[in-house]
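Structure first, then comments.
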Amino acid sequence: VFSPSVYKAPGQQAFQLGQPAIDAFPHAIWHRLLSRRYRCSWQELFGYQDAFGYPPLRAAIAAYLGVARGVQCSPDQVIITAGSQQGLDLLARTLLQPDDAVWMEDPGYGGARWAFQRAGLRVVPVPLDHAGLDVSAAQNLAPDARLAFVTPSHQFPLGMTMSLERRLALLAWATDRQSWIVEDDCNSEYRYAGRPLPALQGLDTSGRVLYLGTFSNILFPALRLGYLVVPSALVDTLMTARRVVDLHAPALEQAVVADFIVQGHFVRHIRRMRTLYTHRQTVLRTAIGRYLPGILEVHPDPAGMHLVAWLPPQLAESEPIVQAAHAIGLELLPLSWFSVGPLRRQGLVLGYAAIDDDQIIEGVRTLSRVVERTLKDSRQNVLRDA
Ligand SMILES: Cc1ncc(COP(=O)(O)O)c(C=O)c1O
């Protein structure tokens, strides 16, 4: 079972996943907006609120998603959640029955698998190819699935974009079987080359897609604000379920995020972070090329906040490297952590967005010592066993 704290290193936190550059966050703007809201709107914001969220924030999200992601929705279809994790939990427990089958990309997002397993659902790992989730393989594995969880804009964690053909095949399946598609569009904003494909949700004419977004990767994860965009037919059911969970999300923060978006800071911040993350990814690739040449294989990724570093094919296990790194306070995750089925090749998933150039280089140097020592140990074990 997914357990987020397993690899949380106590000291240094080099390659944390999903963590944005909080050092480059526009703290002064945030502080100003927060103070103004506190001063001017506290009477409005201190009482109980709408279960679905602060209306101006829902309107700002709907407008932003329409322009930036081609999502077709009205503000009424936007539900503010405590991060996308709460959205996943809500969907898993509201739309499905225990033992229903769910298609899950393999490797895939642990947070989703965790929510589905806790709801008693039957998680069916589905293999991926260059075009994303293999819809025909999924239909063979579990034709009766009630839901498919996908990350079409940038598969998490491998990074491929789901092709248009595959998107249409998935939508045709969902429409035909009256099943659901959960589209996690997490960090689709961070695309560094080419134009992103618009969201799958924008192609859905049958009301089968539930779109999941978060402010964790753009603003900061401790904000715990995300959103669901749901088909109109599900609004009432999810409204009731949302209210039961925690009544509503904190209002003051929602109002500040709404101001942040409406005043243009959100889009400006994303633009600045794209430049910064492009740079940080280059620093990471260059450092790996310098300190781990021919050992770790990394390829440029036109999107995202992490890279998959492939281990030498002779290394059948990534666990010893991760454990050794963790023991000296270096945080990183093995690719195997995200997979259910066997992997063709082992790898490490390295988040680079949150750390500066010096930390990236220092992290890679530390990692190189860990990897070389582990490779040496594994060679000695092979010789001893022979
Ligand atoms: C695929 C994916 N979805 C969602 C999230 C964000 O989750 P939350 O909004 O619950 O913080 C992450 C965080 O890294 C992620 O990698």
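In each ligand, atom 1 is the first atom listed, and ligand 1 is the first ligand listed.
- In this structure, the protein non-hydrogen atom closest to atom 11 (O) of ligand 1 is S216 OG, 2.6 Å.
- Counting atoms of ligand 1 from 1 in the listed order, those under 4.0 Å from a heavy atom of D184 are 1 (C), 2 (C), 3 (N), 4 (C).
- Annotation: atom 7 (O) of ligand 1 to nearest protein heavy atom, S84 OG, 3.1 Å.
- Contact atoms of ligand 1 toward G18: 14 (O) (distance under 4.0 Å to a heavy atom of the residue).
- Taking the ring centre of W42 as origin, the terminal cationic atom of R37 falls outside the region bounded by 6.0 Å and 45° from the ring axis.
- Looking at L17 against ligand 1, nothing comes within 4.0 Å, counting heavy atoms.
- Annotation for ligand 1: atoms under 4.0 Å from non-hydrogen atoms of N217 are 13 (C), 14 (O).
- The aromatic rings of Y190 and Y192 lie parallel to each other, with less than 30° between the two planes, well short of the 60° mark.
- Atoms of ligand 1 found under 4.0 Å from any heavy atom of Q85 (numbered from 1 in listed order, with element): 10 (O).
- Below 3.5 Å of separation, one finds no N or O of T151 facing any N or O of ligand 1.
- The aromatic rings of F116 and F149 sit perpendicular, their planes meeting at an angle over 60°, well past the 30° parallel limit.
- The existence of a salt bridge linking R224 and D246 is excluded, since no basic side-chain nitrogen approaches an acidic carboxylate oxygen closer than 4.0 Å.
- Residue R224 touches ligand 1 through its side chain alone, judged by heavy-atom distances below 4.0 Å.
- Nearest non-hydrogen protein atom to atom 16 (O) of ligand 1 is F156 CE1, 3.3 Å.
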Inset, instruction - Report the C-alpha separation of D259 and R32 in whole Å, then their side-chain angles, then the decisive distance to 0.1 Å, and conclude whether the salt bridge (charged side-chain N to carboxylate O under 4.0 Å, His left out) test is met. - result: CA-CA 11 Å; D259 294 343; R32 178 164 50 76; over 6 Å; no
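- Protein heavy atom closest to atom 9 (O) of ligand 1, with residue, atom name and distance, is T214 OG1, 2.6 Å.
- A donor-acceptor pair shorter than 3.5 Å cannot be found between the side chains of T81 and Q86.
- Using a 4.5 Å heavy-atom threshold, the side chains of V135 and R166 count as touching.
- Using bins of under 30°, 30° to 60° and over 60° for the plane-to-plane angle, the ring pair W30/F220 lands in the perpendicular bin.
- For atom 5 (C) of ligand 1, the closest non-hydrogen atom of the protein is Y109 OH, 3.4 Å.
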